[in-house]
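Inspection log for the structure reproduced underneath, given as structure tokens.
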Amino acid sequence: MAVQQFKAESKKLLDLMIHSIYTHKEIFLRELISNASDALDKLYFRSLTDTSIPLKKEDYKIHLAVDKELRTITISDNGIGMTEQELENNLGTIAKSGSLDFKRENSGEDIDIIGQFGVGFYSAFMVASKVTVITRPYGSEQAFKWESTGAEGYTITPCQKDSFGTDIILVVKENAEEENYDEFLDEYRLVSIVKKYSDYIRYPITMYREHSRKKEGSEDEYETYTELETLNSMVPLWKRDKKDVSDEEYNNFYKEKFMDFTDPARVISSKTEGSATYNALLFIPGRAPFNYYTRDYEKGLQLYASGVLIMDKCADLLPDYFSFVKGLVDSQDLSLNISREMLQHDNQLKLIRTTLERKIKNELTTMLRNDREKYDEFFKNFGLQLKVGCYEGYGIHKDTLKDLLLFHSAKQNKLVTLAEYVEAMPKAEAAEGEEKAEGSEQKYIYYAAGSSVEQLAKLPAAERVLDKGYDILYLTDDVDEFALQVLREYEGKEFRNISSGEDLGLETEEEKEAAKEQNEQNKDLFEAMKNALGDKVTEVRLSTRLKNHPVCITSEGALSVEMEKVLNSMPNAEKVQSRKILEVNGSHPIFGVLQEMQKNGSEKLGEYANVLYNQALLIEGLPIEDPVAYAQAVCAIMADKA
Ligand code: ADP
């Protein structure tokens with residue numbers, strides 16, 4: 001009989017299991033019981049339409065047996081079983097290698113993976129030197145035996161089995177120097193492992209247990225007897241009263257079921273009766289799944305109909321902007337064999353979705369108010385999704401989401417909500433009988449967009465706004481500015497990009513008038529510079545927003561310079577161009593130099609204009625078209641001076 005090799009990926013996971021130094025090896029039992037339960041689910045589900053299946057609901061069972069002499073643990077189920085082909089596919093390869101993908105990205109974290117991921121069948125090799133699977137698929141007479149001692153590979157041979165279902169037989173490893181494997185042959189230990197991890201499994205997990213009792217007719221003589229006992233309570237966690245479930249139970253349930261190794265940030269458990277009757281148990285993960293922001297990530301909640309799993313990832317239960325939520329819904333009103341197509345149009349489901357959405361929002365709002373540190377952490381994980389949600393669909397969800405958003409405050413150097421920003425805006429305090437002091441009241445919500453807070457803090461345009469005592473929101477995610485544009489305003493305050501050509505409301509009427517006049521006086525200079533720059537800019541003008549810096553780039557219209565950068569970096573995007581304005585600081589010494597050149601008709605004015613334009617781009621964090629030409633121009637100017 002030929003020994004077959006494991007597929008490469010499986011072999012890696014297997015090696016990890018065999019040589020595991022993980023201290024919670026006990027989870028192998030949870031994994032095997034969970035597989036058995038799945039197999040029972042599959043058969044039960046089939047029995048709903050296939051009346052030839054002879055089992056009643058209470059006949060579905062998982063049975064444990066221990067033999068200390070032979071050092072074996074046997075886990076049996078009368079579930080759907082596996083065909084020869086399925087044995088080969090399921091146990092020779094890992095169908096779902098999410099845990100391996102994860103490992104690749106976080107190498108060196110073996111231990112957590114084993115402990116917390118659903119590593120499945122292979123975890124048996126953490127405690128077993130040999131694993132035998134005897135299985136007979138429902139509807140077939142032929143059984144097959146899969147056997148493996150680990151790394152060498154496995155064999156599959158035909159065999160006999162009285163009825164359909166699967167037996168998994170583990171030969172428990174001998175105790176090693178620092179490893180106690182005997183404990184897994186201990187009845188009490190096994191019972192406690194079952195209770196710890198598998199209590200809610202919907203099918204009875206039975207085992208013959210030894211007890212002692214007084215011998216009949218005797219006063220002090222005892223005898224032992226065995227009795228078949230059900231070890232688990234079988235009540236699903238979500239059906240239990242919230243107050244009777246410990247945080248640890250919720251956390252363990254979450255981690256096991258949704259393959260995370262971090263405790264959830266929040267648990268939402270709710271029972272709803274009325275127009276829709278259902279239990280929901282939702283989790284806000286404590287960290288973003290490694291594939292969360294990729295196309296591989298699938299949103300959805302598990303959907304149960306009266307305790308039976310009918311769909312693993314029901315996407316219709318969650319809006320995209322809450323796609324990070326994990327959990328399940330158990331409805332009393334759904335029919336068990338409802339099709340996916342029908343589900344989509346099911347009104348019950350729509351109703352459930354709406355209430356869940358409200359519950360999730362409430363939970364997040366509560367967290368924001370009462371546990372800010374945790375919310376900040378949450379926002380680091382999933383804030384991007386909320387911001388995208390705000391922007392999507394031309395902002396149809398903006399009212400749901402706007403109060404959940406955080407942005408980096410320049411003044412406070414931490415994340416703030418829009419409400420907090422507005423609350424902190426300086427208000428004009430008009431003394432009695434006086435008019436409001438012009439200019440001191442902040443009219444707009446200021447923001448700057450770029451690649452990092454550090455870069456934004458150095459923006460020339462930021463200086464004057466901050467000097468006025470106004471805060472600036474530093475936006476560093478690509479979507480940020482688009483989201484704010486969709487919001488347009490918050491509590492009546494419009495958003496203003498400090499680098500936009502729009503009026504920032506920073507100067508008084510006199511200052512504006514003076515600037516206008518100065519612009520007029522230097523019209524020829526600015527025109528000459530504009531001509532030298534060609535269509536790179538739409539205008540060159542005097543700046544009212546600069547303090548110490550010589551120049552800056554601003555933009556006109558809805559498309560900002562940063563948005564241009566974002567849009568143009570998208571694959572296959574049609575190139576867009578923002579309308580840029582080069583602003584020159586009238587109080588900077590370079591301005592005098594420029595004026596002088598213009599007066600003398602110097603040919604170098606064009607060169608200077610180009611150098612200044614490129615400098616403005618660099619400060620803004622934007623690429624310059626021709627770095628070589630720029631460097632040469634700068635050197636030429638330096639050589640000229642020397
Ligand atoms: P997972 O359960 O995460 O898919 P496993 O490695 O635990 O991964 O199991 C692989 C597959 O083997 C399962 O998906 C299932 O199809 C099959 N399997 C495992 N145990 C049983 C069982 N007791 N009865 C029927 N099929 C099983």
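Numbering of ligands and ligand atoms starts at 1, following listing order.
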Cation-pi, Y304 ring and R202 (6.0 angstrom, 45 degrees): no

Assess K42 for proximity to ligand 1: is some non-hydrogen atom of it under 4.0 Å away?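 In this structure, K42 qualifies as a contact of ligand 1 - some heavy atom is under 4.0 Å.
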
Enumerate the atoms of ligand 1 whose separation from the nearest heavy atom of D77 is less than 4.0 angstrom. 22 (C), 23 (N)

What atoms in ligand 1 come closer than 4.0 Å to a heavy atom of N35?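 Going through ligand 1 atom by atom, the ones under 4.0 Å from N35 are 2 (O), 5 (P), 7 (O), 9 (O), 19 (C), 20 (N).
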
If you measure only the distance, is there a donor-acceptor pair under 3.5 Å linking the side chains of T400 and Y321? no

Can you see whether T206 engages H63 through a side-chain donor-acceptor pair at a distance of less than 3.5 angstrom? yes

Pick from V245, L301, I268, V267: which one makes a side chain to side chain contact (heavy atoms under 4.5 Å, CB included) with L281?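 Only one option passes, and that is V267.
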
So, does N291 use its side chain to make a donor-acceptor pair with the main chain of T294 at under 3.5 Å?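 Side chain of N291 to backbone of T294, a donor-acceptor pair under 3.5 Å: no, none is there.
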
For atom 25 (C) of ligand 1, which of S37, S34, A39 has the closest heavy atom?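 The nearest heavy atom belongs to A39.
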
Counting only nitrogen or oxygen atoms and a 3.5 angstrom limit, does [X] reach ligand 1?
X    : answer
Y122 : no
M82  : no
N90  : yes

Using the rule given for salt bridge (Lys or Arg N to Asp or Glu O under 4.0 Å), can you reason through R71 versus E174, listing the C-alpha separation, both sets of side-chain angles and the distance that settles it, and then say yes or no? CA-CA 9 Å; R71 295 187 73 79; E174 295 291 340; 3.7 Å; yes

